[in-house]
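Worksheet for the structure shown next.
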Amino acid sequence: SKWYQRRVRDTNYFINTNLRALMAEAIDMVLEGLFNSLDADKSGFIESSELLVLVEEMEPGTSKDIANDIVKVLVESADNDGDGKLSVEEFKRLMESTLGDM
């Protein structure tokens, strides 16, 4: 019946809309938690040395030179204000763009 089809459509819309919002909120919380765990000195920024720890953990056995090059590229691509470090918002945008490429 049309009533049933409309209910299914409305229910699907409700679920999809709310699920997207919940997932976005969950991702935001995870990224903020990751940021806080990487911000070892609790400065409110992730400096290159702190980001290097993440790169070395994700790519064990990578040479120091390559790891430093990766960090340099990451910071340059995400550091919108040019201060040489990543704010929480810059970090989130970097991670979201990286996740979007998966």
What donor-acceptor contacts under 3.5 angstrom involve side-chain atoms of residues 65-75, with partners at least two apart or in another chain?
from  : atom 1 : to    : atom 2 : distance (Å)
Asn68 : ND2    : Lys64 : O      : 3.0

- line: Contacts satisfying ring pair (Phe, Tyr, Trp, His ring centres under 6.0 Å) that involve residues 5-26 (not counting sequence neighbours) are none
- request: Keeping to residues at least two apart or across chains, list the side chain to side chain donor-acceptor pair (under 3.5 Å) pairs with something in residues 44-55.
  value: Ser43-Glu47
task: Would you mind listing every ring pair (Phe, Tyr, Trp, His ring centres under 6.0 Å) that reaches into residues 40-74, with sequence neighbours excluded?
output: none
- prompt: Is there a path from Leu19 to Val30 through hydrophobic residues (I, L, V, M, F, W, Y) whose side chains come within less than 4.5 Å of each other?
  reply: no
field: Cluster link Val53 to Ile46, ILVMFWY, side chain under 4.5 Å
entry: no
- request: Answer yes or no: is there a donor N or O on one side and an acceptor on the other, between the side chain of Asp39 and the main chain of Gly44, under 3.5 Å?
  value: yes
query: Which residues pass the side-chain contact (heavy atoms from CB on, under 4.5 Å) test with Asn36, sequence neighbours left out?
result: Glu32
message: Hydrophobic clusters here meaning ILVMFWY residues chained together by side-chain heavy-atom distances under 4.5 Å, can you tell me if Met29 and Leu34 are in one?
response: no
Sequence-distant partners of Phe35, ring pair (Phe, Tyr, Trp, His ring centres under 6.0 Å), two or more places apart: Phe91
field: With sequence neighbours excluded, residues passing salt bridge (charged side-chain N to carboxylate O under 4.0 Å, His left out) with Glu89
entry: Lys92
query: Measuring from Met95:CE to Leu54:CG, what's the distance to the nearest 0.5 Å?
result: 6.5 Å
Distance (rounded to the nearest 0.5 Å) between Asp28 CG and Glu96 CD: 7.0 Å
task: Go through the structure and list residues passing side-chain contact (heavy atoms from CB on, under 4.5 Å) with Asp81, not counting sequence neighbours.
output: Asp79, Asp83, Glu90
- prompt: How would you list all residue pairs meeting ring pair (Phe, Tyr, Trp, His ring centres under 6.0 Å) that involve residues 48-76, not counting sequence neighbours?
  reply: none
- prompt: Given the rule in the side chain to side chain contact (heavy atoms under 4.5 Å, CB included) test, do Leu51 and Leu86 qualify, once you have shown the distances and angles that lead to the verdict?
  reply: CA-CA 9 Å; Leu51 196 53; Leu86 301 182; 4.2 Å; yes
query: At what distance, to the nearest 0.5 angstrom, does CG of Leu22 lie from CD1 of Ile27?
result: 11.0 Å
side-chain contact (heavy atoms from CB on, under 4.5 Å) partners for Arg6, two or more places apart: Trp3, Arg9, Asp10
